[in-house]
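In what follows, a single structure is set out as structure tokens and then discussed.
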Amino acid sequence: MIRVLLVDDQPLIRSGFRALLDVEDDIEVVAEAADGDQGVALAKEHVPDIALIDIQMPVVDGIEATRRIAADPTLAAVHVVILTNYGLDEYVFNALRAGAAGFLVKDIQPEDFLHAIRVAARGDALLAPSITRKLINRYVAQPLTTGVHTGLKELTNREREAVALVAQGLSNDEVADRMVISPLTAKTHINRAMTKLHARDRAQLVVLAYESGLVTPRSEPAPPAAG
């Protein structure tokens with residue numbers, strides 16, 4: 001059973017999503033909240049698999065709520081999915097940087113919405129390659145941190161290569177093709193890199209790769225370190 005927390009300040013939006021979810025045999029809405037502060041409290045109480053959080057709310061907005069959930073070790077299993085009216089914008093990118101696993105636009109088709117909930121529950125980021133490329137081109141203009149993330153030093157050359165390809169928007173199969181390895185091996189490299197870099201999910205991995213300077217927008221990946 002996929003357990004979902006709904007966090008949105010508009011009752012009509014919450015009731016609409018709940019109506020869709022309640023008829024599914026494998027999905028259960030465990031709680032609803034009208035602002036981010038309530039949402040974080042209910043996340044701690046119920047520890048859902050998915051927290052659907054509106055990005056713009058009173059009291060505490062979706063970005064801050066996401067940041068609080070991501071920072072709480074007891075909520076490490078909670079996958080935050082941001083809800084937005086506007087598609088890919090700077091608020092969405094800030095939410096991804098804060099720890100969201102992905103985002104959904106509120107006018108999404110019902111069947112796509114249900115599919116997205118199941119994808120997020122598996123731990124996969126809701127960032128299609130095309131969306132990743134848009135995010136990279138529009139909002140990651142330059143690294144935001146100085147120096148290289150210390151975790152990068154722990155990556156093998158193949159793991160660094162896999163992370164760089166993921167950050168360019170490639171899927172696991174495309175990473176495997178580019179590296180001339182099996183999809184399972186590619187997934188292993190990516191998962192190990194996420195563990196070493198303490199990235200919650202693929203979305204965080206993309207953000208970290210650009211902020212650390214491993215790759216730069218509209219350029220080739222940085223060469224792997226020697227050794």
Side-chain angles (χ1 to χ4, degrees), residues 1-24 26-36 38-40 42-43 46 48-58 60-70 75 77-140 166 169 171 199-207:
M1 184 67 70
I2 300 171
R3 304 171 72 253
V4 178
L5 166 65
L6 297 175
V7 186
D8 195 299
D9 62 319
Q10 299 181 52
L12 188 60
I13 295 293
R14 294 200 310 272
S15 63
F17 282 132
R18 181 160 200 149
L20 284 173
L21 297 172
D22 278 346
V23 298
E24 299 298 308
D26 61 334
I27 301 175
E28 174 190 10
V29 177
V30 296
E32 297 182 25
D35 63 63
Q38 294 177 2
V40 174
L42 288 172
H46 296 279
D49 300 296
I50 302 295
L52 282 173
I53 300 180
D54 184 26
I55 203 164
Q56 293 181 307
M57 294 181 293
V60 172
D61 65 18
I63 296 173
E64 179 58 26
T66 298
R67 187 176 292 111
R68 293 182 187 180
I69 290 173
L75 301 179
V78 178
H79 303 290
V80 175
V81 177
I82 288 293
L83 295 168
T84 176
N85 287 317
Y86 307 109
L88 185 65
D89 60 19
E90 63 180 308
Y91 295 107
V92 168
F93 181 67
N94 288 336
L96 294 174
R97 181 182 283 121
F103 71 96
L104 295 174
V105 180
K106 289 184 179 180
D107 63 359
I108 188 173
Q109 293 297 313
E111 60 272 19
D112 293 333
F113 172 71
L114 294 171
H115 174 69
I117 293 297
R118 295 184 173 100
V119 167
R122 292 199 303 264
D124 295 333
L126 290 175
L127 288 177
S130 60
I131 296 297
T132 305
R133 293 186 185 106
K134 288 180 181 178
L135 182 148
I136 290 166
N137 289 336
R138 291 179 60 183
Y139 297 111
V140 194
V166 168
S171 66
R200 286 170 61 96
D201 48 44
R202 196 182 186 96
Q204 285 270 285
L205 197 62
V206 171
V207 171

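Residue indices begin at 1 and follow the sequence shown.
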Testing the basics here: between [X] and [Y], what is the closest heavy-atom pair and its distance to 0.1 Å?
X	Y	value
Ala43	Ile69	CB-CD1, 4.1 Å
Pro58	Asp35	O-CB, 3.3 Å
Ala70	Ala98	CB-O, 3.4 Å
Ala33	Gly39	CB-N, 3.5 Å
Ala31	Leu5	O-CD1, 3.4 Å
Pro48	Val30	CB-CG2, 4.2 Å

Just how far is it from atom [atom1] of [X] to atom [atom2] of [Y], taken to the nearest 0.5 Å?
X	Y	atom1	atom2	answer
Leu83	Gln10	CG	CD	10.5 Å
His46	Leu75	NE2	CG	12.0 Å
Asn94	Ile63	CG	CD1	4.5 Å
Ile55	Thr66	CD1	OG1	7.5 Å
Ile2	Leu114	CD1	CG	9.5 Å

Exercise for the section: Taking side chain to side chain donor-acceptor pair (under 3.5 Å) as the test, write out the residues that go with Arg68, two or more places apart. Expected result: Asp37, Glu64
Indicate every side-chain donor-acceptor pair of residues 15-24 with a distance under 3.5 Å to a residue at least two apart or in another chain.
residue, atom, partner, partner atom, Å
Ser15, OG, Pro11, O, 3.2
Ser15, OG, Leu12, O, 2.9
Arg18, NE, Asp22, OD2, 3.4
Arg18, NH1, Glu32, OE2, 2.8
Arg18, NH2, Val29, O, 3.4
Glu24, OE1, Arg118, NH2, 2.8

Can you give each donor-acceptor pair under 3.5 Å made by side-chain atoms of residues 100-109, sequence neighbours left out, with the distance rounded to 0.1 Å?
residue, atom, partner, partner atom, Å
Lys106, NZ, Asp8, OD2, 2.9
Lys106, NZ, Asp54, OD1, 3.2

Practice task
Indicate yes or no for a side-chain donor-acceptor contact from Asp49 to the backbone of Arg3 under 3.5 Å, with no hydrogens or angles considered.
Solution key: yes
Exercise for the section: Taking side chain to side chain contact (heavy atoms under 4.5 Å, CB included) as the test, write out the residues that go with Ala199, two or more places apart. Expected result: Met194, Gln204, Leu205
